[in-house]
Amino acid sequence: VYPWLNKEHLQNGIAYLRIAELFEAAIRSGKLPNGTRIPTHRELARALNLNIGTVSRAYLEMKHRGLIESALRLGTYVRTNLGPQPEASGASDVVDLGTNTRVPVAFAPLFAKSLAEIAANEGVIHALESYKPIGGTALHREAAARWLSEPQHTVDPNSVLIVDGATSAALTAISATCPPGSTLLIEELSYPGLKLIANVLHINLEPVSMDDEGMVPDDLARAIKQHRPKALFLTPCLQNPTCVIYSKARIKELMQRVTEHGLWAIEDAVYRPLVPQAQRAPRLINSDYERAIEISSLSKCIAQGLRVGFILATAKMQQQLTARVQALAFSGPALMAEVASRWFNDGIAQRFLAMHRDSLSARTELAKHYLQHLGLISHPFSSHCWIPNLTLQQSAMLHADILTQGVRLRAGHEFSPNPARMTASGLRVTLGAARDIAELKIALNKIRSVLDRDSVSQAVYA
Ligand SMILES: Cc1ncc(COP(=O)(O)O)c(C=O)c1O
């Protein structure tokens with residue numbers, strides 16, 4: 001049918017997902033321009049010698065990724081208003097327990113109040129007219145350093161750079177440590193944004209296996225030997241998607257290997273504030289190891305839309321990071337940093353955190369009620385939970401079955417840099433995107449019915 005889609009292209013992985021992936025790549029690269037009509041389910045099934053159900057599943061997946069739409073009598077087309085992301089919850093009749101958004105808490109009144117206070121302050125308004133120092137003003141960095149400090153580790157404002165979200169922070173930290181063509185080691189299942197970052201930076205991602213304490217040191221040793229990486233990227237607090245919190249002993253062991261080989265260690269700390277202090281994994285930046293960088297943001301504990309993120313680094317890396325922030329954005333999101341600084345200083349940020357924790361623990365209780373018997377891994381303050389112990393095939397099929405019931409999850413392969421080499425998979429359920437508890441209950445019930453009913457899962461969970 002297309003040069004980029006034939007039987008051979010479908011050999012690795014699961015056919016319906018491969019089709020969706022190949023279409024997505026063709027659409028995003030412009031090979032299939034917006035508005036192009038694509039074959040009917042039947043035409044494509046015939047051309048690829050596939051069951052029509054497989055093609056229908058692929059088209060459903062593409063629809064939910066926001067890539068195509070169908071019109072009566074006109075057929076199926078590449079969407080003309082192609083967004084960068086699939087539609088989030090609320091935009092369709094599918095309940096989105098796939099996107100990892102924060103729980104809805106009363107954000108608007110506090111935000112409006114702060115904006116009104118800023119608008120009434122002429123000095124602040126004038127200051128926002130001009131460029132700011134790279135990485136934020138001294139006042140904003142001081143406020144951020146207070147927010148980021150922990151009892152065991154006081155953050156120096158000079159070690160903070162304020163950027164527009166953890167995604168920017170990750171791109172900056174990875175580009176500073178991994179030149180094009182080099183390798184970054186990541187957890188075998190990781191936040192999918194890393195794949196996008198690796199693509200634009202032309203670096204390789206190599207997975208290292210995980211257990212319930214974090215990345216496995218022996219497999220890290222193997223991966224270091226095999227791939228000669230430049231850096232290691234970890235999410236030690238509420239790993240996404242598995243919810244793991246790294247143990248102290250594990251961090252120590254991993255950091256020993258990292259030190260032996262002179263690698264950079266990057267900690268993704270976006271979920272860190274949600275975890276009570278006593279349960280947090282030791283901070284990599286606090287390990288007396290000078291080749292450590294921490295990235296984080298307010299996305300998971302205040303609001304994603306604020307786009308306030310942080311890079312914390314030791315003196316050894318400050319210059320390279322600052323040069324990259326300068327090249328990327330010059331001064332950061334000054335208005336949003338102003339709002340965030342006020343919230344750090346007057347305790348509103350801590351109030352948001354408390355509201356998130358309350359709301360998340362109520363939602364997690366519900367998820368446990370519906371899914372605990374399936375081995376659900378959760379944490380009272382995590383916005384995602386994980387149904388483990390599925391094969392790649394099972395998780396993909398269950399994901400598709402649950403989608404036909406109107407609930408979108410994410411299957412394990414979406415978190416893998418190399419699904420063909422995955423040893424185990426699962427399903428990630430996020431709790432934040434459901435509009436309210438009633439919607440969440442309905443969705444969790446649907447997930448439970450599919451998992452309980454499905455003969456594949458019966459075999460697994462029996
Ligand atoms: C582990 C992890 N890191 C980074 C991000 C991106 O955060 P931000 O919205 O601040 O760019 C996410 C978002 O889901 C995430 O799960």
Side-chain angles (χ1 to χ4, degrees), residues 84-86 88-89 96-103 107 136 144 147-148 160-175 184 186-198 200 205 207 210 214-215 231-246 265-275 280-281 283-284 293-312 325 328-329 332-333 336-337 339-340 349 352-353 356 360 379 381-386 408-410 412 414-417 428-433:
Q85 289 287 327
S89 65
D96 180 8
L97 303 191
T99 311
N100 204 354
T101 60
R102 67 191 252 291
V103 274
F107 173 77
W147 166 255
L148 294 166
V160 182
L161 292 164
I162 301 175
V163 293
D164 57 345
T167 307
S168 276
L171 187 131
T172 306
I174 295 170
S175 89
L184 173 69
I186 62 170
E187 292 146 333
E188 63 182 329
L189 301 177
S190 290
Y191 151 62
L194 289 180
K195 288 196 254 186
L196 304 177
I197 291 177
V200 299
L205 296 178
M210 299 260 300
M215 191 177 261
L232 176 70
F233 190 98
L234 302 178
T235 308
C237 280
L238 294 179
Q239 204 271 343
N240 181 7
T242 61
C243 272
V244 165
I245 296 181
Y246 280 49
I266 305 171
E267 170 168 356
D268 183 336
V270 281
Y271 299 104
R272 196 173 175 89
L274 292 169
V275 180
R280 291 184 192 170
R283 222 171 177 172
L284 301 190
I293 304 174
E294 181 177 302
I295 61 147
S296 61
S297 74
L298 301 183
S299 288
K300 309 297 172 177
C301 50
I302 299 191
Q304 308 87 285
L306 275 186
R307 306 316 295 152
V308 173
F310 310 103
I311 308 175
L312 271 186
V325 171
L328 206 64
M336 293 312 175
V339 174
F352 272 119
L353 192 54
H356 276 101
L360 281 169
H379 182 282
F381 304 133
S382 174
S383 54
H384 54 277
C385 5
W386 178 242
R408 180 178 176 76
L409 303 182
R410 280 196 182 234
E414 298 182 62
F415 301 92
S416 168
R428 189 188 72 177
V429 184
T430 60
L431 304 173

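Heavy-atom basis, side chains included; hydrogens, waters and symmetry copies ignored. In each ligand, atom 1 is the first atom listed, and ligand 1 is the first ligand listed.
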| query | Within the distance-only criterion (no hydrogens, no angle test), does the side chain of Lys195 pair as donor or acceptor with the backbone N or O of Phe415 below 3.5 angstrom? | reply | no
| note | salt bridge (charged side-chain N to carboxylate O under 4.0 Å, His left out) filter on Glu188, not counting sequence neighbours, yields none
| field | Qualifying residues under ring-ring contact (aromatic ring centres under 6.0 Å, His included), relative to Tyr191, sequence neighbours excluded | value | none
| message | Tell me if a side-chain donor or acceptor on Ser190 pairs with a main-chain N or O of Glu187 at a distance below 3.5 Å. | response | yes
All N/O donor-acceptor pairs, side-chain side in residues 265-273, below 3.5 Å, sequence neighbours left out:
from, atom 1, to, atom 2, distance (Å)
Glu267, OE1, Leu284, N, 2.9
Glu267, OE2, Arg272, NH1, 3.0
Asp268, OD1, Val270, N, 3.2
Tyr271, OH, Asn100, ND2, 2.7
Arg272, NE, Glu150, OE2, 2.8
Arg272, NH1, Ala281, O, 3.1
Arg272, NH2, Glu150, OE1, 3.1
Arg272, NH2, Ala281, O, 2.9

| Contact residues of ligand 1 (heavy atom under 4.0 Å), by chain and number | Gly165, Ala166, Thr167, Tyr191, Asn240, Asp268, Val270, Tyr271, Ser297, Ser299, Lys300, Arg307
| task | Say whether, by atom type as modelled, one donor and one acceptor occur between the side chain of His356 and the main chain of Cys301 under 3.5 angstrom. | result | yes
